[in-house]
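Reviewing the structure listed below.
Counting convention: from 1, in listed order, for ligands and their atoms alike. In this chain, residues are counted from 1 in sequence order.
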Amino acid sequence: MAAFYLAVLLIALTPCGAVDDNVRFDCYPEDGATEQLCLDRGCAWEETQNPKAPKCFYWDPYGYRVEGNVQDTVLGSRATLRRLNTPARYANSADVDPVTLDYEMHTAKRLRLKFYDSNTQRFEVRDKMPHIPEATGKAPSPEYTVNITPPSPTTPFSLSVTRTATGTVLWDTSVGGFTFSDQFLQISTKLPSTYVYGFGEHERNNYRHNMDWRTWGMFTRDEAPGPPSDGVNKNLYGMHPFYLCVEDDGKAHGVLLLNSNAMEVVLQPTPAMTFRTIGGVLDFYMFLGDGPEDVVRQYTEFVGRPFMPPYWGLGFQLCKWGYGNLSVVRDVVKEMQDYGIPHDVQYGDIDYMERQMDFTIDPVNYQGLPEFVDQIRRDGMRYVIILDPAITTNETEPYAPYTNGTALDVWIKDGDDNSQPLIGKVWPYYPDVTVDPTQEWDYKVEHYNAYSVFPDYFHADIDQWWGNFIKDFYKTLKFDGLWIDMNEPTNFVHGSVKSCSNNKYDNPPYMPKILGPNIYSKTLCMNSVHGGTEHYNTHSLYGWSQAEPTQRALREVTGKRGIVFGRSTFPSAGHFEGHWLGDNTAKWDHLHKSIIGMLDFGLFGMPYVGADICGFWDDSTPELCHRWMQLGAFYPFSRNHNWEQGAPQHPTHWDGAIADAARDALQTRYTLLPYLYTLFYQAHTQGSTVVRSLMHEFIEDKLTWSIDKQFLWGAALLISPVLDQGAMDVNAYFPKGRWYNYYSVNSDHQGREVADAGQGRSLSLPCDMDCIPVHIRGGHVIPTQGHANTTVFSRRNTLGLIVALDEAGEASGSLFWDDGEDIDTIGSNSYRMITFRVSAMTLDITVESNGYTPDPELQYETIQVFGSPAMPSDVTVNGQNVASDNIVRKTADKVWHLEGLSLSMGENHKITWTIPDDTSGAEVSRARPLALVIAAIAVVLATVNGHFLS
Ligand SMILES: *[C@@H]1O[C@H](CO)[C@@H](O)[C@H](O)[C@H]1NC(C)=O
Ligand SMILES: *[C@@H]1O[C@H](CO)[C@@H](O)[C@H](O)[C@H]1NC(C)=O
Ligand SMILES: *[C@@H]1O[C@H](CO)[C@@H](O)[C@H](O)[C@H]1NC(C)=O
Ligand SMILES: *[C@@H]1O[C@H](CO)[C@@H](O)[C@H](O)[C@H]1NC(C)=O
């Protein structure tokens, strides 16, 4: 022990004798640290130059030691940790003694480190997640090594995790401070690099974390994204205690703390990190990569792969809280149609309901809504409704959601008298109130908002209640998706209508850096009974627990995949639902932040994500909304939405320029939907990301590790949006490789290779108001389809392929196609999978799996080749020569097209071409007997529908 601390001391002392900030681990994280309080706690106190670094820090041996030998278990090994003989420092309660550490080797790349109290059952999130796979045995050849300090009466316990192949130490907890008491659990570790990503849900300025002493609280809360408030980085709707760390050599690993209690994580420049949670157990899962994309795959393999959205869920969606009445909605939908703007999904926010009560329709303002929904569904559109958890208790007429829920006893219970439900207030109004909209918020809450109960979605009978009401309401209104909001859960009175009693859950001894003033602010009392335990433990699981029964009911009643998306999420939510980034604001920096948010939720295994286009709070401006519609056309979940009193901001609201820009960008989106849908198939089956950080594809280029103003769709499409007011150009980074301009709007640019991208460089791209730069990466084949007003109609259009060649003249890609909405087309093999491979001037289109046939069958009509060394002198399609000027069209240098094809999507095809050989003057020959060539031309010309004359 002496040697250990001496070593720390020697490293830690700077020349003038002060203790380096980097070895300080905060021993007094509460407010109000003083030297005396610090010394009383047995820690060291010293001033520092950096006001963010702690003055009070661990110094002497503290915490636990290993007792007895580490024992073998079925999955790994077990160590017993005993308290060192030092006083407990937190929470005025004895620390747990002994603490058991289970180290489990789940797979070659996944391990678990679980600290718990083997004498007392504590809350474990793992028990609420039956779909998460259990490990069955020790992985035979793990790629990691875990070292635990040997048994000792005095040496403090610590452990390290090493990536065996490289020797990189991923975790090293020897920095001290390990604590396990009832309501204060803490562990600190050194990190192998400063490249840290993840943790949520927060608003951040950059995707990559700032390691200069930042604290991020996590606890689900109804809070709009925005800058820190009173020095606290706001904890938002969801909770995701998961981070990605990229090691200096480009290997990456991820770590999940599977714990749902209020917590904080502290990042410091050492680099190091501290977790502090106020309940449950310390249950860590580590995922070893190789690269970041592998980490996401391993993570989603564990928490559950993302659900497969229906094809229409990738169409454009439009919503506004407070349309006010159906005739306004009708007009908006009609305007969108008149302007020819693609529009798949229309929404009903809470104003479709009668006094904001679930499973009702406002009989005055939304009279005729069911017929309207039937009508737009016949036109190829879809309708999604919002549902909130809180159920009013104050109806004077029978209100079955309340009476049946009471009969089934599904409400969260008051912790002070658990024969009674906990009562709060949310949206539902009392019956017979006359609402004065000019009144202040507090007045309204007191006088208009009814007493409400909160369903416990963990309740065994939840399907009989929630599921049945969803199914019952479907008899009235044919919705296609469900939007579950307010499920942090939010409450307009703090705790309950009678506030909360003084107990250890509502007044915990340590409050992590989350918004307050109290832990129950804007939500339920923490001692209420929820999921068989205190809400204190299950609070952050509330929205998550609502997702699965909602998805189940939606699928049962519609018989289709549908979409569920929710505001409050937790690890594994992506398996059941998507997410929008909450109540953002119509301001410019929220364009950039929406990209960071999408990248974060990509890491969290929730690729179906997007922000409210044009902004939720405040009035959008024409320029902002114009640019936002262009960016939003590349959100996987693409929805324009704003608040009740916000000015209208649907794309047709202003002059024609915004409508035109929105239509252009959305038509590009719709053209690319076959590619986007295939990315979702890959996310669903392999756990890959959809919106992807450049780092995932170009890990060898360290510059990409910090890029968050551009993003990829999958591996092949680079989006570089304008994010600044007044900007008419974009500074875009092009990593090594060949990149081609996507657009055909201006045929001079279409398919043109980005000059000098070569080894990776930044370029300033001119970008007027019509423009959002999109580039295709050499080496990829992108399937496309003609756009239309909705996906129902676009799905019937002809297909195209964009072949973007790499340096070797090669490219590949794939296309997943099914009916777009059946529940399990993959499990039932009712889909078609096609691969595209180009090499040696041959494109092979191969139907790998053919369990689904569109009716009518689809055809490829165009094939565009980008990056050709020269124009082909000779092209054959399925062995037939088509090298006719009418079919092969050159549009720019190194770009040529085949047009007017009609190649069945259900069959294999081979396209070959010949490029004149410059050096010899001869052609690379694929000569075929002359008679066959003539016959082939005749056949092909007969099938091209005259398109080639265009
Ligand atoms: C619907 O709301 C709009 C805007 O508030 C109003 O002008 C219109 O009169 C209302 N129509 C009906 C039928 O209530
Ligand atoms: C979309 O276009 C088709 C025909 O192209 C038309 O039948 C349908 O009504 C349109 N739908 C909408 C929502 O405009
Ligand atoms: C609403 O219901 C609660 C019981 O849940 C009752 O205490 C309260 O008086 C009722 N308020 C009104 C205005 O009916
Ligand atoms: C509510 O309860 C009544 C009486 O038991 C029952 O008839 C009805 O089906 C229930 N409604 C739903 C949607 O479960």
Could you list the atoms of ligand 2 found under 4.0 angstrom from a heavy atom of Asn789?
->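 Answer, ordered by atom number: 1 (C), 2 (O), 3 (C), 8 (C), 10 (C), 11 (N), 12 (C), 14 (O).
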For Asp461, salt bridge (charged side-chain N to carboxylate O under 4.0 Å, His left out) partners two or more places apart |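 Checked Asp461 against salt bridge (charged side-chain N to carboxylate O under 4.0 Å, His left out); zero matches.
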Would you indicate whether Lys334, at its atom NZ, is surrounded by more than 12 heavy atoms from other residues, nucleotides or ligands within a distance under 6.0 Å?
->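 Counting other residues, nucleotides and ligands, NZ of Lys334 stays at 12 neighbours or fewer.
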Within a reach of under 6.0 Å around CD of Gln367, are more than 12 heavy atoms found that belong to other residues, nucleotides or ligands?
->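 Not buried by this count: 12 neighbours or fewer within 6.0 Å.
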Ligand-side contact atoms (ligand 3) for residue partner Tyr430, heavy atom cut-off under 4.0 Å =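 Here the atoms of ligand 3 in question are 11 (N), 12 (C), 13 (C).
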Below 4.0 angstrom from a heavy atom of Thr393, which ligand 3 atoms are there? Numbered from 1 as shown, please.
->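 Contacts of ligand 3 toward Thr393, numbered from 1: 2 (O), 5 (O).
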If you measure from the Lys or Arg side-chain nitrogens to the Asp or Glu carboxylate oxygens, is any gap between Lys560 and Asp822 under 4.0 Å?
->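 Yes, Lys560 and Asp822 are salt-bridged.
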State whether the shortest distance between N or O atoms of Asp379 and N or O atoms of ligand 2 falls below 3.5 angstrom.
->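 By distance alone, the answer is yes.
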Show the protein residues that qualify under the rule heavy atom under 4.0 Å from an atom of ligand 1, listing them in chain and number order.
->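 Its neighbours under 4.0 Å (heavy atoms only) are Asn325, Ser327, Val328, given by chain and number.
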Within 45° cone and under 6.0 Å: Arg832 NZ/CZ vs Phe816 ring =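 Geometry flag: not set, cation outside 6.0 Å or 45°.
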May I ask you to check if Arg567 and Trp580 form a cation-pi contact, with NZ or CZ under 6.0 angstrom from the six-membered ring centre and within 45° of the axis?
->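 Not satisfied by the 6.0 Å and 45° rule.
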Which residue pairs satisfy the side-chain hydrogen bond (donor to acceptor under 3.5 Å, both in side chains) criterion with at least one member in residues 382-403, sequence neighbours excluded?
->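 Those involving residues 382-403 are Arg355-Glu395, Arg382-Asp480, Arg382-Glu821.
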Does Tyr451, backbone or side chain, put an N or O under 3.5 Å from an N or O of ligand 3?
->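 No, there is no polar N/O contact under 3.5 Å.
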Taking side-chain contact (heavy atoms from CB on, under 4.5 Å) as the test, write out the residues that go with Arg796, two or more places apart.
->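 Arg796 satisfies side-chain contact (heavy atoms from CB on, under 4.5 Å) with Val792, Phe793 once adjacent residues are dropped.
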